[in-house]
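Encoded as structure tokens, the structure appears first; notes follow it.
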Amino acid sequence: MIKINDIELTEYFSLYEFECPCCRRVMLSPDLLARLDHLRRVINRPVYINSGYRCKEENQKVGGVPGSYHLLGMAVDIQVKDYLLSDLLIYAQEMGFNGIGFYEKKDFLHLDVRLGKKHLWKGKELIGY
Ligand SMILES: [Zn+2]
Ligand SMILES: [Zn+2]
């Protein structure tokens, strides 16, 4: 297999962790990476990236919304083992992610660095910030 995207970006994250699972293409916002790295440092636990960059096909496949920030390299879905999702949410808000989705049943947070107004939602329901 060709070695691709095997590049250390920070102490905790490598580029391949953000690549699209179907085609291995990747886009990554430096702002997203910086905030994620800060979050990782503060909680001091491994952060698993369920989904980073998605190409159009992959986004459709996983049922993402058409204007998803995953398509722009501006979003990640993260999971932290043995950690309260509500605590993770508080830290994520402190790190200044503008878009945060709280998915309790599947135990993950969607985090993005959209510009403008902040959005926090639970499932499909907007709950403020
Ligand atoms: Zn793809
Ligand atoms: Zn997401």
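FYI, the numbering just counts along the sequence from 1. Whatever order the structure lists ligands and atoms in, that order sets their numbers, starting from 1.
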Exercise. Does any donor atom in the side chain of His119 or Asp112 lie under 3.5 Å from an acceptor atom in the other side chain?
Worked result: no
For this session: Report the C-alpha separation of Tyr103 and Phe108 in whole Å, then their side-chain angles, then the decisive distance to 0.1 Å, and conclude whether the ring-ring contact (aromatic ring centres under 6.0 Å, His included) test is met.
Result: CA-CA 5 Å; Tyr103 296 89; Phe108 77 86; 4.6 Å; yes
For this session: Decide side chain to side chain contact (heavy atoms under 4.5 Å, CB included) for Leu120 and Leu126; before the verdict, give the C-alpha distance in whole Å, the side-chain angles of both, and the deciding distance to 0.1 Å.
Result: CA-CA 6 Å; Leu120 170 62; Leu126 197 66; 6.0 Å; no
Exercise. What count do you get for protein N/O/S atoms less than 2.8 Å from the Zn ion (ligand 2)?
Worked result: 3
For this session: Might you point out which heavy atoms bring Asn5 and Glu19 nearest each other, and give the distance in Å?
Result: ND2-OE1, 2.8 Å
For this session: For the Zn ion (ligand 1), check which protein N, O or S atoms are under 2.8 Å away and list them.
Result: Cys20 SG, Cys22 SG, Cys23 SG, Cys55 SG
Exercise. Which pairs, with at least one residue in residues 57-68 and sequence neighbours excluded, count as a side chain to side chain donor-acceptor pair (under 3.5 Å)?
Worked result: Arg54-Asn59
Exercise. Which heavy atom of Phe97 sits nearest a heavy atom of Leu36, and at what distance?
Worked result: CZ-N, 3.7 Å
Problem set entry | Val42 and Met95, any side-chain heavy atoms less than 4.5 Å apart | yes
For this session: Using the salt bridge (Lys or Arg N to Asp or Glu O under 4.0 Å) rule, collect all pairs that involve residues 40-51, keeping only residues at least two apart or in two chains.
Result: Glu11-Arg41, Asp37-Arg41
Exercise. Which pair of heavy atoms, one from His70 and one from Ser51, lies closest together, and at what distance?
Worked result: CE1-O, 3.6 Å
